[in-house]
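Report on one structure; see the data block that follows.
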Amino acid sequence: MSGKLELRFLNAQRKPNSGDVVQDIKDGYVYFELQVDANGKKITINKRVRLDKPERMLNKFVTKTKALSEEKYKEEKYYVADKTPPAIETILVNEDDVNDKLLQVFKEVNQFNKTGNASVLATSQIEF
C-alpha cells in the first residue's frame, strides 16, 4: 500500500533567528518559515539553509523541506492514530514557481555576501 502526497508551498518568509538577518547571514545561515499545504493539511516548517551558491541553497532547501513536509504530514495523519504510515510518493505541485521565486531570494543573499550592502536583501516574503 502506498499513498500520494501533493505538496504546495504557499509562502515563505525569511526570518531572523538571532533577531538580525544580517547577523544570521554573517553566521552562515538564512532562516525561513514556510507554509505548506499537504493534501489539504496546513503545515508550518522552520528551516535554515547554510550559505552556498544560490542554486545549491535552492536545491537543498526544496529537497529538505519536501522531506520535512512528508514527515510532518505522516506524524499528523498516521502517528496520531498509531498506524504505520505507508510509503508515500511526494510531489511538489508548484515546484517550478517555487524554484523561480526562491532562487531570486538566494541570489539576493549571495549578493549581500559579496557586497555587504543590506539593501539588496529586498525580498523577505514570497507568495507562491
Side-chain angles (χ1 to χ4, degrees):
M1 181 175 151
S2 68
K4 186 174 182 181
L5 174 60
E6 288 190 0
L7 297 176
R8 179 175 298 280
F9 288 8
L10 302 173
N11 66 60
Q13 185 169 2
R14 194 181 64 234
K15 294 256 185 177
N17 185 54
S18 66
D20 180 15
V21 172
V22 171
Q23 186 57 48
D24 290 342
I25 294 172
K26 286 180 180 175
D27 292 341
Y29 292 97
V30 183
Y31 294 83
F32 289 92
E33 179 179 279
L34 180 67
Q35 302 295 321
V36 180
D37 180 296
N39 286 356
K41 289 185 179 289
K42 301 288 189 258
I43 297 174
T44 301
I45 295 178
N46 292 301
K47 182 73 186 109
R48 74 176 186 181
V49 180
R50 181 179 287 283
L51 296 183
D52 202 334
K53 293 181 180 172
E55 293 79 8
R56 284 192 192 150
M57 286 190 284
L58 173 64
N59 187 30
K60 288 178 189 176
F61 181 82
V62 171
T63 301
K64 290 182 179 184
T65 50
K66 281 169 59 176
L68 286 169
S69 297
E70 182 179 318
E71 286 305 309
K72 231 174 171 180
Y73 175 78
K74 284 180 180 179
E75 283 175 14
E76 288 184 15
K77 180 160 174 118
Y78 297 102
Y79 297 159
V80 171
D82 288 330
K83 295 181 188 173
T84 302
I88 291 181
E89 176 191 359
T90 303
I91 299 165
L92 179 56
V93 177
N94 58 342
E95 191 158 2
D96 290 341
D97 191 32
V98 168
N99 287 338
D100 288 346
K101 291 180 178 178
L102 275 175
L103 183 58
Q104 185 59 42
V105 172
F106 291 130
K107 284 182 177 178
E108 288 176 8
V109 169
N110 192 49
Q111 188 65 28
F112 169 76
N113 271 340
K114 290 178 181 175
T115 65
N117 180 356
S119 67
V120 298
L121 297 172
T123 310
S124 63
Q125 175 92 15
I126 306 141
E127 299 288 331
F128 301 111

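- Residues L102 and F128 form a side-chain contact, since some pair of their non-hydrogen atoms from C-beta on lies under 4.5 Å apart.
- Counting heavy atoms from C-beta on, the side chains of K42 and D37 come closer than 4.5 Å.
- Atom NZ of K107 has 12 or fewer neighbouring heavy atoms from other residues, nucleotides or ligands inside a 6.0 Å radius.
- Of the inter-residue distances, the one linking N117 atom CG with F112 atom CZ reads 8.0 Å to the nearest 0.5 angstrom.
- In terms of modelled atom types and a separation under 3.5 Å, the side chain of N99 and the main chain of L58 share no donor-acceptor contact.
- Expressed to the nearest 0.5 Å, how far CG of D20 lies from NZ of K26 amounts to 8.0 Å.
- Salt-bridge annotation for K66 and E70: absent, with no side-chain N of the basic residue lying under 4.0 Å from a carboxylate O of the acidic one.
- Looking at F9 and T65, their side chains come closer than 4.5 Å, going by heavy atoms from C-beta outward.
- Listed here is the closest heavy atom pair of I126 and K101: CG2-CB, 3.6 Å.
- Remark: side-chain polar atoms of E6 are not paired, donor with acceptor, to backbone N or O of V93 under 3.5 angstrom.
- Proximity of a side-chain donor or acceptor of N11 to a complementary backbone N or O of Q125 within less than 3.5 Å is not detected.
- Atom CG of residue D24 and atom OH of residue Y31 lie 5.5 Å apart, to the nearest 0.5 angstrom.
- Judged purely by distance below 3.5 Å, without hydrogens or angles, the side chains of D100 and Q104 never pair a donor atom with an acceptor atom.
- Taking both residues in full, the closest heavy atoms of E33 and T44 are given as CG-CG2, 3.7 Å, listed atom of the first, atom of the second, then distance.
- Side-chain contact check for I25 versus L121: some heavy-atom pair is nearer than 4.5 Å.
- Closest approach of S18 to Q23, counting heavy atoms only: OG-CB, 3.7 Å.
- Residues V22 and M57 are members of one and the same hydrophobic cluster, defined by side-chain heavy-atom contacts under 4.5 angstrom among Ile, Leu, Val, Met, Phe, Trp and Tyr.
- At a threshold of 4.5 Å between non-hydrogen side-chain atoms, the residues V30 and F61 do not count as touching.
- Between K60 and D52, the closest side-chain pair of non-hydrogen atoms falls below 4.5 Å.
- Side chain of N113 to main chain of G28: no donor-acceptor pair is present (N/O by atom type, distance under 3.5 Å, no hydrogens or angles).
- To the nearest 0.5 angstrom, R14 atom CZ is 7.0 Å from T123 atom OG1.
- Considering all non-hydrogen atoms of both residues, R8 and N94 come closest at CA-OD1, 3.6 Å.
- The minimum heavy-atom distance between S69 and I43, with the atom names listed, is O-CD1, 3.9 Å.
- What you find for K72 and I45 is that their closest heavy atoms are CD-CG1, 4.3 Å.
- If you chain together hydrophobic residues whose side chains sit under 4.5 Å apart, V120 and V105 fall into the same group.
- In this structure, CD on E55 lies 11.0 Å from CZ on F106, to the nearest 0.5 angstrom.
- The distance from atom CG of L7 to atom CG of N39, rounded to the nearest 0.5 Å, is 7.5 Å.
- At least one side-chain heavy atom of K47 sits less than 4.5 Å from a side-chain heavy atom of L68.
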